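Bear in mind the structure is a predicted one, so any value in this text is a computation, not a measurement. We name chains A, B, ... by the order of the sequence lines, and we start the count at 1 in each one.
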There are 2 protein chains.
Amino acid sequence: MRKRVNLGAGEALIREGEKYKCMYLVEDGWLLRARFLPGGTRQIVNFALPGDFLCYNMLMFERSEFDIVARTPVALWELETKSFRDMMTRHPGLAEALMWSNAHEEALLAERVVSLGRRDATQRLAHVLCEILARLQLIEKHDGDTLLLPLLQEDFANILGLSVIHIVRVFNRLEQMGVVKYKSRRVQLVDLEKLRRVAGFDGEYLYFSKRNDVRAPF
Amino acid sequence: MRKRVNLGAGEALIREGEKYKCMYLVEDGWLLRARFLPGGTRQIVNFALPGDFLCYNMLMFERSEFDIVARTPVALWELETKSFRDMMTRHPGLAEALMWSNAHEEALLAERVVSLGRRDATQRLAHVLCEILARLQLIEKHDGDTLLLPLLQEDFANILGLSVIHIVRVFNRLEQMGVVKYKSRRVQLVDLEKLRRVAGFDGEYLYFSKRNDVRAPF
DNA sequence: CGAGGCGTTGACACCCATCAACATGGGTGG
DNA sequence: CCACCCATGTTGATGGGTGTCAACGCCTCG
């Protein structure tokens, strides 16, 4: 039923316009879902961490609207699926997990829309750092006061709808404010409380707050 | 199992921070899902049209992260739900429809992220008009060359992450270019091909392209 | 007929993009 | 072990797109 797939850093799982082959569950590594636009710019819509599903809308769409590219070496499980209805009867746990994942991702995207629409560069960067921290804690891939990320400043730019050069400036500002320090893919969390305040971050949307009867099914 | 609910224009279905009461299916009218930010600005994340589900992540979250407000008089169906697992066994068709709706919404949000991140004001406005047209056609609520919308220019601003004043300028520009004309909640589609070109619009992500075995289940 | 919501215009300011040039540093091959 | 190189990060100057503010016009509805 399940097969493992491995990708090297930089390899694409699927490209925009390609037909979906199957669904995946990320076991290890980071992936970016992105679109290239005429003019050469790029927007990263999403990033997937261990525990996230990918390509689940193959159940609805024939082709991918985005590239999905490994940012690190990645290990995936291929999930054999015919239709969602089939999945519900044969693997209800999987169907539920998928629904969970979908809702989670929707919450992340909604929050990103808020950031891109109404927060300035400093707030955006602070906010996405809070989001990443929260997600890493959720899958127990974080401890200490330093975030180890595979993200370049260029990636931050493409996630936040900014230019690389401006990311540099904003990191400088945050460092001067005594909030975080960026050094070659390490973000040192100098003052987490201040970071949350700058971001206006409310982590509720990530934690499935007080519904104790619901848990991440993986 | 189902109960009707009606809202007047401007009434809230739920407010940010409130507990979810149940899920809904929109039968008629437009609703906006929005967040107010410190500073008094507002970002509209989403809008719901007939056929869309609302509050489906009550299955995962306890409280809403956004206000959901009726933009027009609205008719809704209240859906009785305990858990997704329960729903899968007792109402598999509903579970499937929900999954469909969720994937659809995710696609819309992803495209909005691209717009807010990397498209300028003109492209954004053109793109959202294309999106609205496509969605109205999908539910067979559009014909002719004029879009009848309940959206004020202020709403466009809050959807697109722009200021009201700039929306005016952009509509002027689009009118001078011979693309569309806005007049008191009517958007006349002067040159649809040009509109799509300006937007860089690819409607695939709305139509569940060539998967003929899948249809909107409503 | 008045009022208020909505739309419009112009002047000005600011955030962020663009461009060009330079610094750093880790990896690779000699 | 060193030299080189290319990816990545950094800085400053300049410009454009968009926000802010203030004021005015239009239209609808009571």
Considering non-hydrogen atoms only, spot the tightest contact between B/E18 and B/I14 and give its length. OE1-CG1, 3.6 Å
OP1 or OP2 of D/dG9 under 4.0 Å from side-chain N/O of A/N172: no
Rounded to whole Å, CG of A/N158 lies from C1' of D/dT8 at a distance of 14 Å
Just the rounded figure in Å: distance from P of D/dC27 to CZ of B/R186. 14 Å
Check this one for me: any side-chain N or O of A/Q153 less than 4.0 Å away from OP1 or OP2 of D/dA7? no
Give a yes or no answer on whether the side chain of A/H142 reaches the backbone of A/G144 with a donor-acceptor pair at less than 3.5 Å. yes
Give a yes or no on whether the backbone of B/L162 and the side-chain of A/R118 come within a donor-acceptor separation of less than 3.5 Å. yes
Interatomic distance, B/L152 CG vs D/dT28 C1' [rounded to whole Å]: 13 Å
Mind calculating the distance between CZ (A/R185) and P (D/dA7) to the nearest angstrom? 12 Å
Contact letters for nucleotides 16-23 of chain D, in which S counts primed atoms plus P, OP1 and OP2 and B counts the base, heavy atoms under 4.0 Å: --BBBB--
Does any N or O in the side chain of A/D67 come within less than 3.5 Å of the main-chain N or O of A/E16, such that one atom is a donor and the other an acceptor? yes
Rounded to whole Å, CD of A/E175 lies from P of D/dG9 at a distance of 14 Å
Compute the centroid of each ring, for B/Y24 and then for B/Y56, and state whether the two points are separated by less than 6.0 Å. no
Nearest-Å distance, NZ (B/K183) to C1' (C/dG7)? 11 Å
Whole angstrom is fine here: how far is it from CG in A/L125 over to C1' in D/dG9? 15 Å
Nearest whole angstrom, please: distance from the C1' of C/dC16 to the CG of A/L160. 13 Å
May I ask you to decide if the ring planes of B/F47 and B/W30 are parallel, tilted or perpendicular, using 30° and 60° as cut-offs? parallel
